[in-house]
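Note on naming: letters A, B, ... go to the chains in the order of the sequence lines (proteins, then strands), and numbering restarts at 1 for each one.
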There are 2 protein chains.
Amino acid sequence: MLKELPLIETQLEASFEKYEKKFKALADKKRLQIMNILTEQGSTCVCDLVPIVGMPQSKLSYHLKILLDADIIIKETKGTWSYYEINMKEVNHILSEELCCLFKPANS
Amino acid sequence: MLKELPLIETQLEASFEKYEKKFKALADKKRLQIMNILTEQGSTCVCDLVPIVGMPQSKLSYHLKILLDADIIIKETKGTWSYYEINMKEVNHILSEELCCLFKPANS
DNA sequence: CTCTTAAATCAATTATACTTGATCTTATCA
DNA sequence: TGATAAGATCAAGTATAATTGATTTAAGAG
């Protein structure tokens with residue numbers, strides 16, 4: 001029989017797991033670079049992203065999926081193109097204003 | 001000869017590396033639990049932390065070091081005891097107010 | 001239907017990170 | 001000085017994550 005935790009503890013555990021996933025997604029400089037580019041460029045398709053970030057397409061897809069699964073970016077498919085953009089609402093919920101600035105162009 | 005990047009790019013790269021390290025430190029539910037306990041209890045020594053977090057001492061030391069190296073917690077040694085506490089200033093610089101609440105007791 | 005292009009997925013490799021138990025270091029106290 | 005207790009570190013094993021190149025899927029265009 002499993003030990004039952006008080007509600008407050010199970011809620012906390014669930015929060016920790018949720019944020020673990022989000023922080024894992026953020027814990028990679030290449031993904032931070034992708035986020036920075038998406039914030040500067042707005043919605044961008046993968047084929048345009050490849051030359052900008054300078055990584056092979058399969059690698060980029062891999063990192064985009066991690067950000068997408070963590071709800072940090074949003075995907076919109078148009079025909080054979082996939083457009084990705086920052087999920088600003090979510091990012092603002094997680095990061096400080098100071099840090100959100102990292103993902104905004106200097107002149108904004 | 002190395003390609004020279006514009007200053008703005010090298011600065012961004014440096015930022016990405018800095019935050020990669022901090023997010024990596026945050027990207028683990030056990031470390032989030034440790035942070036939560038430290039925030040609730042305030043400065044706490046390792047020997048008191050062991051039974052609370054329920055992990056072997058060497059494992060706890062390992063995770064505390066990762067948080068310490070990322071400047072997310074602060075260490076103070078008193079004799080043979082090591083007291084750790086949250087570096088609230090740093091945490092507030094990184095995380096949203098909403099998220100900082102995760103690390104505060106419900107009644108504060 | 002066939003060809004092309006965009007993008008996702010797969011399998012195999014490589015690289016990091018975490019866990020474990022033992023050992024080492026240092027401070028305190030008898 | 002010798003014993004003890006706190007906590008850091010180490011080495012070996014295990015588990016995850018990232019990289020790579022090839023393959024697959026699906027949407028046009030002709």
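Counting to the nearest Å, the P atom of C:dA7 and the NZ atom of A:K59 are 18 Å from each other. Here C:dT28 presents its P atom at 8 Å from CH2 of B:W81, a figure rounded to the nearest Å. Between the C1' atom of D:dT9 and the CG atom of B:L60 lies a distance of 14 Å, rounded to the nearest Å. Between the NZ atom of B:K24 and the P atom of C:dA15 there is a distance of 15 Å, rounded to whole Å. Look at CE on A:M55: it is 15 Å from C1' on C:dA7, rounded to the nearest Å. Remark: P of C:dT19 and NZ of B:K65 are 16 Å apart, rounded to the nearest angstrom. Rounded to a whole Å, the NE2 atom of B:H63 is 15 Å from the C1' atom of D:dT9. Distance CG (B:D69) to P (C:dC18): 12 Å, rounded to an integer number of Å.
A heavy-atom distance below 4.5 Å is found between the side chains of B:H63 and B:D28. Taking the side chain as every heavy atom from C-beta outward, B:I34 and B:Y84 never approach each other to under 4.5 Å.
Comparing B:S61 and A:Y62 against DNA chain D, the residue whose closest nucleotide sits nearer the 5' end is B:S61. Nearest-nucleotide mapping onto DNA chain C: of A:T80 and B:I66, the residue sitting toward the 5' end is A:T80. Map A:A27 and A:G79 each onto its nearest nucleotide of DNA chain D; the residue landing nearer the 5' end is A:A27. Comparing A:S82 and B:K30, the nucleotide of DNA chain C nearest to each residue sits closer to the 5' end for A:S82.
A donor and an acceptor atom sit less than 3.5 Å apart, one in the side chain of B:Q57 and one in the base of D:dA8.
A:S43 places no side-chain N or O within donor-acceptor distance of the main-chain N or O of A:Y83, the cut-off being under 3.5 Å.
As judged by a 4.0 angstrom heavy-atom cut-off over every strand, A:K78 is placed among residues making no nucleic acid contact.
For C:dC10, neither phosphate oxygen OP1 nor OP2 lies less than 4.0 angstrom from any side-chain nitrogen or oxygen of A:S58. Under 4.0 angstrom from either OP1 or OP2 of D:dA6 there lies no side-chain N or O belonging to B:Y84.
The pair A:K24-A:E20 meets the salt-bridge criterion, with a side-chain N (NZ, NE, NH1 or NH2) lying under 4.0 Å from an Asp/Glu carboxylate O. Look at A:K75 and A:E85 and you find no salt bridge, because none of the NZ, NE, NH1 or NH2 atoms lies under 4.0 Å from a carboxylate O.
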